[in-house]
Amino acid sequence: MRKLFFAFCFFISPLLIFAQENSDSQVYNMDIDLMIQDGSSAQVVSDHKAQHQTVSGRPVTLNINGGNFKAAVRFTVYPIQADNLLLLAQSTIVFMKEGHRRMLSSAKSIPIKAGEKVLFFPMGVLNDGDKTGYNCKLEMEISKYQNQPVVQE
Amino acid sequence: MDDKAKKDYFERLYKEIFPVVIKVSYHVTKDLDAAQDVCQEAFIKLYNRLESFPGVEDAKFWLIRVVKNLSFNYLEHEKVKLRAFDKIKHNPSFTDDTGEKQLLKKDAVEKVNQALEQLPENLKAPLILREFGGLNYKEIGAALDISESNVKIRIFRAREALGKLLPVGEVYVP
Amino acid sequence: MCPDVEILSSYYDDELEDSQKQLVKTHVDSCPHCQKKMAELGLISASIHAEEEPDFQMAQMNTWNKIMDIVDQKEHKLPKVNFWQRRFQISFPAAAALVAAFVAVLSFSVITFYMGKHTTSSPSSPELNMTDASGAMMDDMFDDNAIKFDIPAINTIINAEEPLLIREVDFMNRDGKH
């Protein structure tokens, strides 16, 4: 499966480069790492990685299914100038609290540089006062898509 | 211009300009059917006086102006019709059923877009031509028959109006 | 010291003369205040672009048909040019974007499949019902095209604080630990 995946990327990379050269839209590579961390010890109890390509303005949606909560996160990248990008993070979370189903929606934005690591906590961060529980953390790195062969790991 | 040449030229103009004007019209009217009607009407007008334009650019800017006018006219007529229903239309509808739903904070995206809808035409048109039409200041000036400097000022003012709704805080948008 | 916001707006649109542009760029590159202004301009653009757009390609074809009907009628042209015989070219960026979107969707399915092998979803927690009473999806972000992550159910995860979007370096500084 892995070989197929990389062969696939290699196959489509000329097309993506073509898209980059021949349209106004810059192609971006998103490296996404979802981590569930213990609030007090910071131990990572669950870790999932994904990689995705997109163009400016086209959102990337993640659905996180955690059993007693569900989160949908939509990331969109916009160029500001050169390597300066704007990252828009829209999130909707559904969870159970005190026997009731709750839903919260939000939109956040941050200016970042291509290649800079950014964190998104769709459920927020546990308060300093009370660290029992877990933090759900998305680590993201957005870089401009380069014309390089995909490296096998 | 013989018939075939005229059709070919018209088709070429259509393929080049339609993508721009449909976007512009849609973002003014917020109604795809209306936008299509507007663009259809504008292009037929273009066809009927195709020979009168010295070049592609003249036709393009004329067409954009026609689409802009028709789109804003549509908006005016709609406003009159729907004034009574506006409150219902713009109310975020959160019907509750089994659990509580809370909007953490009103989406900035929603706020900015509502503000955009309410911008006066003289500010809204240049901004939409810039953001959705992809035109530069000079082209916008040609399309709207205003100076480049005027275009610059109006776009700036439009953004100021929309920017007022963004928080002063650094990192996030509530 | 800082240029007028009006100038930044022009800079954002890449409408400054080269000499002025260079001066502004040099200033902005080292001025957090102006960088924030630029980010706000970006956010305004992002917000107005954030709403989904309908299918303009279809609109282009449909409108062309209607125009041709009217034009041909006027000129009493018979028979009507068969639309399907026309080579209707999609602009190159659109074609490239379509191809990219298509392969992107395929890549996701591959990623999702690959990911699926390494995750376990807990069968013991009651499945959260994502639909309201009418059966309609509450939010279009919970859809089939999303990248899916299944994580083990951890019942104490919910703090539901304000979501936080922050640069890693800033987070490390504020927290003092990982």
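Letters go in sequence order (proteins before strands), and every chain restarts at 1. Heavy atoms only: backbone and side chains are in, while hydrogens, waters and symmetry mates are out.
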Could you check which of A:Ile80, A:Leu87, A:Leu138, A:Leu85 has the highest count of heavy-atom pairs closer than 4.5 Å to chain C? A:Ile80
Between C:Arg167 and A:Pro111, is any pair of side-chain heavy atoms under 4.5 Å apart? yes
With side chains defined as the heavy atoms from C-beta onward, is the minimum distance between C:Leu165 and A:Val118 less than 4.5 Å? yes
Looking at A:Ala50 and C:Ile147, what are the two nearest heavy atoms and their distance? CB-CG2, 4.2 Å
Nearest-0.5 Å distance, CE of residue A:Met140 to CD of residue C:Glu168: 13.0 Å
Is there side-chain contact between A:Asn65 and C:Ile151, with at least one heavy-atom pair below 4.5 Å? no
Check: C:Asp150 and A:Ile64 side chains under 4.5 Å, non-hydrogen atoms: no
Looking at C:Asp55, I'd like to know if its CG atom is crowded, meaning that more than 12 non-hydrogen atoms belonging to other residues, nucleotides or ligands lie closer than 6.0 Å. yes
Student check: side-chain heavy atoms of A:Ser91 and C:Pro163 closer than 4.5 Å: yes
Close side-chain approach of C:Ser45 and A:Tyr78, heavy atoms under 4.5 Å: no
Is the shortest heavy-atom distance from the side chain of C:Phe149 to the side chain of A:Ile32 under 4.5 Å? yes
Does the ring centre of A:Phe120 sit less than 6.0 Å away from the ring centre of C:Phe171? no
Please assess C:Leu43 against A:Leu86 for the test side chain to side chain contact (heavy atoms under 4.5 Å, CB included), listing each intermediate value before the final yes or no. CA-CA 7 Å; C:Leu43 182 55; A:Leu86 186 85; 4.0 Å; yes
Taking atom NE2 of C:His49 and atom OG1 of A:Thr76, what is their separation to the nearest 0.5 Å? 12.0 Å
